[in-house]
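Heads up: the structure comes next, in structure tokens.
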Amino acid sequence: GDPTKDDIATGPLDVVQAGLSCCGIEDGPVEWSSESSKATYWIRTHDNDVPDSCCVTETTNCGKNEAKATPDPAVVFTEGCETALYDYLTDNLLLIGGLGVSVAFLEVSSQLKSHTKVTKSLFRC
């Protein structure tokens, strides 16, 4: 079906919030409330609610009345996504670096093999 205005307002962040188990950008669920000036469309239509993607167990309207400074951590994620993303990247930095080094090694070894084949073919009599 067609996306709703809610989908358009929260869609990209829904993926991040659900994937990283976070809510909001910096300050957590309170950013979705009228106390914040960040989520203006959402606030006009859902004051005091967080998107369902903020919920620990995502169900329809599970974030109702959870846009507050001290939300229930059993109901919604309390950490902002900026912190969650930073933690994810630092926790996986060794893996990310290792993959980068592996790809670079494969590229270099492939180039060396190619160069060796060309050199051998040039010197054949």
Side-chain angles (χ1 to χ4, degrees):
D2 292 331
T4 65
K5 287 184 179 180
D6 286 355
D7 295 334
I8 293 167
T10 66
L13 196 52
D14 285 341
V15 174
V16 174
Q17 290 179 152
L20 292 175
S21 301
C22 58
C23 189
I25 306 291
E26 298 170 343
D27 302 321
V30 72
E31 289 182 328
W32 293 104
S33 75
S34 57
E35 294 176 32
S36 172
S37 60
K38 295 180 182 176
T40 53
Y41 168 77
W42 181 265
I43 292 166
R44 282 196 311 267
T45 57
H46 297 88
D47 192 27
N48 299 319
D49 301 339
V50 297
D52 293 341
S53 60
C54 282
C55 297
V56 174
T57 303
E58 189 172 336
T59 57
T60 303
N61 295 321
C62 59
K64 193 127 185 88
N65 296 314
E66 289 297 329
K68 49 193 170 191
T70 55
D72 183 349
V75 177
V76 296
F77 303 122
T78 57
E79 181 177 56
C81 292
E82 182 179 64
T83 303
L85 179 60
Y86 177 82
D87 291 346
Y88 175 81
L89 291 176
T90 55
D91 289 349
N92 293 289
L93 193 57
L94 188 58
L95 175 64
I96 293 166
L99 287 173
V101 169
S102 298
V103 169
F105 176 76
L106 290 173
E107 285 292 321
V108 169
S109 65
S110 173
Q111 292 296 322
L112 288 174
K113 284 181 184 180
S114 175
H115 179 71
T116 303
K117 286 179 184 179
V118 169
T119 304
K120 284 182 179 179
S121 69
L122 288 174
F123 291 105
R124 285 196 183 140
C125 296

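Computed from a predicted structure; not experimentally measured. For reference, positions follow the sequence shown, starting with 1.
Remark: side-chain polar atoms of Ser102 are paired, donor with acceptor, to backbone N or O of Gly98 under 3.5 angstrom. Put simply, the side chain of Glu31 gets close to the backbone of Glu26: a donor and an acceptor are under 3.5 Å apart.
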With a cut-off of 3.5 Å and sequence neighbours excluded, list every side-chain donor-acceptor pair involving residues 85-96.
from  : atom 1 : to    : atom 2 : distance (Å)
Thr90 : OG1    : Tyr86 : O      : 3.0
Thr90 : OG1    : Asp87 : O      : 3.1
Asn92 : ND2    : Tyr88 : O      : 2.8

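The stretch residues 57-102 participates, sequence neighbours left out, in these disulfide bond (SG atoms under 2.5 Å apart) pairs: Cys22-Cys81, Cys55-Cys62. Note on residues 48-63: pairs passing salt bridge (Lys or Arg N to Asp or Glu O under 4.0 Å), not counting sequence neighbours, are Asp49-Lys64.
Under a hydrophobic-cluster definition in which Ile, Leu, Val, Met, Phe, Trp and Tyr are linked whenever side-chain heavy atoms come within less than 4.5 Å, directly or via other members, Val75 and Val30 are assigned to different clusters.
Atom-to-atom distance recorded for Trp32:CH2 and Asp27:CG is 13.0 Å, nearest 0.5 angstrom.
Think of Val56 as one node in a network of Ile, Leu, Val, Met, Phe, Trp and Tyr side chains linked at under 4.5 Å; its network also takes in Phe77.
Scanning for side chain to side chain donor-acceptor pair (under 3.5 Å) contacts around Ser53 gives Asp14, Gln17, with sequence neighbours left out.
Taking each heavy atom of Thr78 and Pro71 in turn, the nearest pair found is CG2-CG, 3.7 Å. The minimum heavy-atom distance between Cys54 and Gly24, with the atom names listed, is SG-N, 4.3 Å.
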